[in-house]
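Ligands are counted one by one from 1 in listed order, and the atoms in each one are counted from 1 as well.
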Amino acid sequence: MRAVRRFTVRASLPEPLSGLRALATNLRWTWHPPTRDLFASIDAGLFNRFKDPLRLITALPPERLEELADDEDFLARFRAATDDLQRYLTEPRWYQRQGRLPAAVAYFSMEFGVTEALPNYSGGLGVLAADHLKAASDLGAPMIGVGLLYRAGYFRQALSLDGWQVEHYPVIDPIGLPLELLTDESGEPLRVSVAVPGGRDLHAQIWRAWVGRIPLLLMDSDTEGNDEDLRGVTDRLYGGDANHRIRQQILAGVGGVRAVRRYCALTGHPEPEVFHTNEGHAGFLGLERAREIVTAGGLEFDEALVPVRAGTVYTTHTPVPAGLDRFPVDLVQHYFGDGRLLPGIDVRTVLALGAEDNPGMFNMAHMGLRLSQRANGVSALHGRVSRTMFHRLWSDFDIDEVPISAVTNGVHGPTWVARELSALLDGDGDEHAGSRETVSDAQLWALRRDLREKLVSEVRRRVRDAWLQRGAAGLELGWTDSVFDPDVLTVGFARRVPTYKRLTLMLRDPERLRALLLDERRPIQIVVAGKSHPADEGGKALIQQIVRFVDDPAVRHRIVYLPDYDMAMARYLYRGCDVWLNNPTRPLEACGTSGMKSALNGGLNLSIRDGWWDEHYHPDFGWAIPTADGVADPLRRDDLESKALYDLLEMQIAPLFYDRGPDGTPAGWLSRVWETLERLGPKLQASRMVREYVEHYYRPAAETVAAAAADGYAGARSLAGYRTRIDTAWRRVIIHDTDLRVEAPDELVVGTDVRVSARVDLAGLEPSDVDVQAVVGRVGDSDDLLDPVTVPMQPAGIGLFEATLRLPHAGSLGYTVRVLPRHPLLASPAELGRVVFA
Ligand SMILES: *Cc1c(COP(=O)(O)O)cnc(C)c1O
């Protein structure tokens, strides 16, 4: 019989255990081993099966609960765990010691990968978002996470017999998840609504997950009052057409701000001073906040935009224009045109914010950048790529001056580092400092082997399950018990399967790969995993290619493809692999974080210098696969790069791994493991990332918001007025009579002072309205200034500006003079996109 509908009944807990649910639903257990121990001690079998304390207590028979309620020893440990959590949730932490910082920050993301027990993510972006919240919690940063709750999450992946990806969408019941439905004072579900065309409203109820100290609000449209089609808005992640996506994004952005407001009003949580959008999907949030200010009265939209932009941080993750999220203009017109969604905001204003080269398209990234005063990419290289990619929004400036900087991603150590490793290195503390002095190579090697062995048994289990699922009979599967070997060099490659990640690069020369796997003295084993987007047939074909290769009985004990890559599998891979392989087409990997998780566990990276590895690569931490940048033919590029990959594996990596000393350990290898743990590890922590956001983004953002809002938004009015003046005057600002005076032209050497002067017609602007700058740099074949040095020029009489400039370089130099807008509420001189050159 099939059920027509599912529902979940909560366990009824005896009084002494009443706090157990709170302990089970605060997701801090996901990174706090002692809390997990407590639950495992209730029923180790069940805990290992579910890996979720909430499901564990739901599954416990009432007798067991009664037993526990009488068990003094258990109650004492339970109290200790509860007290420990309480302390963690309330004690002052890093953030509280930093002086004035934002009272709260709202963090918006379309996905959050906190734990496999809350399957609300598809991959790296969601895991990063969750790691951000976890690190914020550890640091005491008051954040509110905002997103959607998908009834069918992302898909689960299986394989058909011939290796084709098959997708399943198991429906979740939020009641069974570590979530709590928020209700208002009268006990009714807390709801937000956004208007949709045709006079209808889209409603959403709000679930809260606790990620340590951080409330994560997830909006769910499967709720009373919604028409059937609107109930389905939050059905799945990244499924559906443009209409489906825009509804999700309107709910995430506009609905998200409304959810935050309701939440703060209900709970007394401080209102966010800063809104951070992880990618642009929730970008409509800026419009909603502008609407709030306009509706409250007294301010025009342009004025309201000043505090809104000041209080928005936009993080882009996309390195190619084709990856940007866009909607047909007509669709945006359809949703915003009747004025019900954002009363008081003209749809033309909305459309202008998302304008791009193609007049028929609305670009969410462009809107995101125009609505945020601070923006960043996610690695140093990706920052540069983003400045190039979005140069058109600041086209009068050099690429280097495009106001998009970078915060390299990090990963949450306590979530990803093997417990055995943190215990060995610092006794289960929050961040492992590592100590090569106290731990011997033999101990470290034994630990690495232990982690590899755990991976091997997980691989065997999963290979067997996958074959059963593909239709094999148990009797045929004896061979799966000897798949992989705990003493063989283990390489991991797991990621989503868009073309640029090049899942099949390793298959470029199948014979060479086979030889590496089957080498008698120095064999290699490879574990591969990764999902393809359901609509990406090309990606599925790549998976099939891999599966066909690994199905071959000659190699299947040395290479496996594991279906259904998710956090639960990822943990084993990051911990157990000796080498983490990444071979994207440079520079298409914005950051990549799986290699960081591997490194925190002592894995060595073998990667194209892309994303984070471009800035952190060092021979002590692993290997750089040489990139054939500039080789236009992709097949030729694959040939060159795959050959380099095989060479590295054969001639450097395997020999180093198998080069054993008298004690059986590979000293050269372990030295790199130590370097990776001690020198690289600390830079890869999400706590480092969140501190950077706090210091360089959130703090200045909140300061600018305060300055814009003070005295009844005097600052906002001033900047909006200033922009209007600039808009009319700017075209008429002219620089003339630029002059460079040198005392002795024959004796110019580096470091000589020269005098630069210019006359500037400010077209009615005041000298204090602008920065006049002299710029000197090298010149090559073109007159472009390279390595420019900028010096401010001072007013020296009516219309005259002067500066003394120290010649910074030898060789051919050039100089120019430029005028830039100046206003105390601007975060960057390039912000308004305006500049006048001599
Ligand atoms: C970390 C992580 C990712 C991201 O890995 P990339 O290196 O960015 O491809 C994807 N999925 C899961 C489950 C992860 O934990």
Side-chain angles (χ1 to χ4, degrees), residues 30-31 51 109-135 153-157 237-238 278-279 315 317-319 323 377-379 381-382 408-418 458 462 491-503 505 527-533 539 562-577 579-601 603 605-614 616 622 684-686 689:
T30 63
W31 72 95
K51 303 243 167 39
S109 176
M110 284 312 256
E111 43 172 314
F112 287 92
V114 185
T115 157
E116 60 271 24
L118 187 56
N120 213 46
Y121 67 97
S122 80
L125 186 75
V127 175
L128 173 80
D131 279 7
H132 194 104
L133 298 190
K134 291 171 180 176
Y154 198 56
F155 71 93
R156 306 289 306 263
Q157 180 200 42
L237 177 55
Y238 306 139
N278 188 39
E279 253 314 337
T315 299
H317 294 258
T318 319
V378 290
S379 67
L381 175 61
H382 180 240
T408 302
N409 286 341
V411 298
H412 186 241
T415 295
W416 294 107
V417 175
E458 184 70 7
R462 286 182 181 262
V491 178
F493 182 96
R495 46 199 23 92
R496 290 177 301 111
V497 190
T499 323
Y500 79 85
K501 300 231 187 198
R502 294 193 296 185
L503 178 71
L505 188 72
V527 47
V528 185
K531 295 175 172 179
S532 170
H533 188 279
L562 303 182
D564 207 26
Y565 178 47
D566 70 350
M567 290 180 74
M569 180 200 299
R571 240 191 310 281
Y572 285 95
L573 301 182
Y574 304 148
R575 292 172 185 172
C577 288
V579 172
W580 196 254
L581 172 63
N582 192 18
N583 49 229
T585 309
R586 190 176 189 269
L588 299 185
E589 180 87 295
C591 177
T593 49
S594 53
M596 296 178 162
K597 300 172 202 165
S598 170
L600 288 191
N601 285 287
N605 274 269
L606 164 59
S607 172
I608 298 275
R609 284 188 68 160
D610 199 5
W612 72 277
W613 188 236
D614 187 57
H616 286 308
L684 308 182
Q685 293 283 353
M689 166 182 76

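What you find for S598 and W580 is that their closest heavy atoms are OG-CB, 3.4 Å. The two residues A590 and S379 come nearest to each other via the heavy atoms O-OG, 2.7 Å. The two residues D566 and Y121 come nearest to each other via the heavy atoms CB-OH, 3.4 Å.
Remark: ligand 1 atoms within the under-4.0 Å shell around heavy atoms of G592 are 7 (O), 8 (O). Remark: ligand 1 atoms within the under-4.0 Å shell around heavy atoms of R495 are 7 (O), 9 (O).
Here the protein heavy atom with the shortest distance to atom 10 (C) of ligand 1 is G124 N, 3.4 Å. At the shortest separation from atom 7 (O) of ligand 1 among protein heavy atoms lies S594 OG, 2.5 Å. Remark: minimum distance from atom 8 (O) of ligand 1 to any protein heavy atom is reached at T593 N, 3.2 Å.
Contacts of W416 with ligand 1, taken as heavy-atom pairs under 4.0 Å, involve the side chain alone.
Taking distance alone, with nitrogen or oxygen atoms compared against 3.5 Å, E589 stays at or beyond that limit from ligand 1. Checking only distances, Y574 does come within under 3.5 Å of ligand 1, N or O to N or O. Annotation: D566 places no N or O atom under 3.5 Å from an N or O atom of ligand 1; distance criterion only. Geometrically, ligand 1 and K597 share a nitrogen or oxygen pair separated by less than 3.5 Å.
In this structure, the side chain of Q685 does not engage the main chain of L600 through any donor-acceptor pair within 3.5 Å. For the pair K531 (side chain) and F155 (backbone), a donor-acceptor distance under 3.5 Å is present.
Using a 4.5 Å heavy-atom cutoff, the side chains of Y572 and V527 are not in contact. Contact check for M689 versus H132: side-chain heavy atoms found under the 4.5 Å cut-off.
With distances taken over non-hydrogen atoms, the option nearest atom 9 (O) of ligand 1 out of K501, R496, M596 is K501.
Note on R571 versus E116: salt bridge recorded, some NZ/NE/NH1/NH2 to OD/OE distance being below 4.0 Å.
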